[in-house]
There are 2 protein chains.
Amino acid sequence: MAAILDQDGITAAALELISKKGYDGLTMAALARSLGVAPSALYNHVSSKDEVLKLVEEDLMSKVDFGGFSTLPWEDAVRQWAYSYRGIFAKHTPLISVIAVLPVTDAPQTLAMYEAVTEGFLRAGFPEQQIIPSIVALEAYIFGAAFDANAPADIFDSGKLAESTPHFTSAVRSLGPQTDNYPSDLAFSMGLDALIAGLGALRA
Amino acid sequence: MAAILDQDGITAAALELISKKGYDGLTMAALARSLGVAPSALYNHVSSKDEVLKLVEEDLMSKVDFGGFSTLPWEDAVRQWAYSYRGIFAKHTPLISVIAVLPVTDAPQTLAMYEAVTEGFLRAGFPEQQIIPSIVALEAYIFGAAFDANAPADIFDSGKLAESTPHFTSAVRSLGPQTDNYPSDLAFSMGLDALIAGLGALRA
DNA sequence: GAGATAAATGAACGTCATTCATTTATTGGT
DNA sequence: ACCAATAAATGAATGACGTTCATTTATCTC
């Protein structure tokens with residue numbers, strides 16, 4: 001029969017479906033429908049829905065901007081990379097639990113990113129043994145921040161329990177109205193600066 | 001009829017089920033069975049499975065150790081809190097996507113934690129406006145690190161693509177065999193120190 | 001043109017969370 | 001002590017969903 005389907009097409013359709021309907025809308029049936037095909041046909045090209053998620057993840061990884069590591073000072077490269085990384089995965093938080101535990105072995109795009117980042121750290125003067133833990137720490141922060149980026153602006157509204165949490169409630173109020181893209185943008189920037197300063201001190 | 005069920009009992013049963021069978025094993029049917037009851041009976045006490053997850057989350061929050069904030073220097077209190085927080089949620093990563101976006105309004109245990117942490121920051125001399133963003137940044141890091149704690153030791157094995165990622169592969173090798181509880185313990189410690197140093201500099 | 005092969009189909013399955021009409025036990029009022 | 005009201009448990013049913021499989025269909029190769 002005509003080769004209507006392939007992994008690239010499935011990945012593209014999955015991404016479009018996710019952008020339109022979110023991860024709840026990403027079902028094998030909906031994916032098949034968007035490709036004009038029966039659900040069971042998908043299984044000739046992917047072994048499971050989990051594999052679809054892995055394909056999407058690899059595609060997203062290729063969109064993370066790590067270009068700064070070959071052109072900018074280390075601090076700026078890290079910042080650019082971290083913002084790009086968080087921005088992309090903030091819209092794909094359901095993938096984070098997959099990525100964080102997924103061996104990198106068969107993920108060429110992910111490996112390409114790690115290679116470029118590692119090179120940037122080496123060029124900046126990091127001792128080899130410090131590089132992977134530093135990247136892991138930064139990634140942990142980026143993934144956590146990606147979740148926060150989806151939080152509602154009033155997530156810290158203490159409601160009727162405000163009286164029993166006076167210091168917290170006052171600290172929340174002191175922030176005033178949020179104006180950034182993400183309510184947590186200020187926090188992201190502060191934590192990222194702290195990490196960059198702290199990890200940067202490990203350079204030779 | 002006899003009041004066999006209540007929210008506390010459901011929460012306790014859910015926690016035991018999770019510890020024995022993991023989050024895949026936490027189904028409404030299994031939960032009901034462990035309570036000796038029909039699945040539909042649960043819906044007299046919780047409105048949905050999501051509410052069960054929220055109950056579990058609140059219970060876990062009450063187990064996070066934030067005691068150091070009233071007894072230890074700020075740096076040590078943050079470290080103790082962060083390790084406790086990560087240790088608990090490393091076994092409950094499916095909750096993280098819920099927590100990170102869940103308004104704190106009806107979560108007394110969570111609010112109690114925030115109040116204590118805020119007080120600790122105030123006592124340490126932080127300006128009020130810096131406190132919430134600092135906590136948010138720390139939490140983001142803790143949540144991300146909780147995911148990493150579940151990663152397999154060989155997650156960075158580049159496999160047959162090793163030749164095309166020489167710097168990364170070498171950096172991974174330079175780490176030697178892992179001996180910590182979690183393979184990512186070294187990374188967690190390094191990033192946490194960096195955050196503590198960087199955020200600590202915001203004190204008056 | 002025949003046979004092998006890759007790919008699509010549609011029906012079926014098992015697992016879930018959830019709903020609902022019904023039954024059952026307990027509680028409060030007289 | 002009885003009766004009505006209410007809270008709570010039941011079991012059958014529903015509708016998604018991911019996945020499997022025997023069968024059919026189109027394309028490629030010799």
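Values reported hereafter were calculated over all heavy atoms of this structure, with side chains retained and with hydrogens, waters and symmetry mates removed. Protein chains get the first letters and strands the later ones, always in sequence-line order, with residue 1 at the start of each.
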Q: Starting from P on C:dC20, measure out to CG on B:Leu42 and report it in whole angstrom.
A: 17 Å

Q | Phosphate OP1/OP2 of C:dA6: any A:His45 side-chain N/O under 4.0 Å | A | no

**Q.** Separation of C:dT26 P from B:Leu5 CG (nearest whole Å)
**A.** 14 Å

Q: Flag this pair as yes if the NZ/CZ of B:Arg123 is under 6.0 angstrom from the six-membered ring centre of B:Phe69 and inside a 45 degree cone about the axis; otherwise no.
A: no

Q) Any chance the side chains of B:Ser134 and B:Gln130 put a donor and an acceptor closer than 3.5 Å? A) no

Q.
Keeping B:Glu119 on the side-chain end and A:His167 on the backbone end, is there a donor-acceptor pair under 3.5 Å?
A. no

Q: Among C:dA8, C:dA17, D:dA9, find the nucleotide with the atom closest to the side chain of B:Lys49.
A: C:dA17

**Q.** Within residues 18-38 of chain B, residues whose heavy atoms come under 4.0 Å of DNA chain D
**A.** B:Val37, B:Ala38

Q.
Could you check whether any side-chain N or O of B:Asp154 sits under 3.5 Å from a backbone N or O of B:Asp157, counting only pairs where one atom can act as donor and the other as acceptor?
A. no

Q | Member of A:Phe143, A:Phe66, A:Phe188 meeting the ring pair (Phe, Tyr, Trp, His ring centres under 6.0 Å) criterion with A:Tyr85 | A | A:Phe143

Q) Once you round it to whole Å, what is the distance between C1' of D:dT24 and CG of A:Asn44? A) 13 Å

**Q.** Distance in angstrom units between B:Glu51 CD and C:dA17 C1', rounded
**A.** 14 Å

Q) Can a salt bridge be assigned to the pair A:Arg86 and A:Asp148 using a cut-off of 4.0 Å between side-chain N and carboxylate O? A) no

Q: State whether a side-chain donor-acceptor pair under 3.5 Å links A:Ser34 with A:Glu16.
A: no

Are any protein N/O atoms closer than 3.5 Å to N/O atoms in nucleotides 12-14 of chain D? If there are, list each pair with its distance.
none

Q: Using whole Å, report how far OH of B:Tyr43 lies from P of C:dT22.
A: 22 Å

**Q.** Donor + acceptor pair across side chains of A:Ser97, B:Thr93 (<3.5 Å)
**A.** no

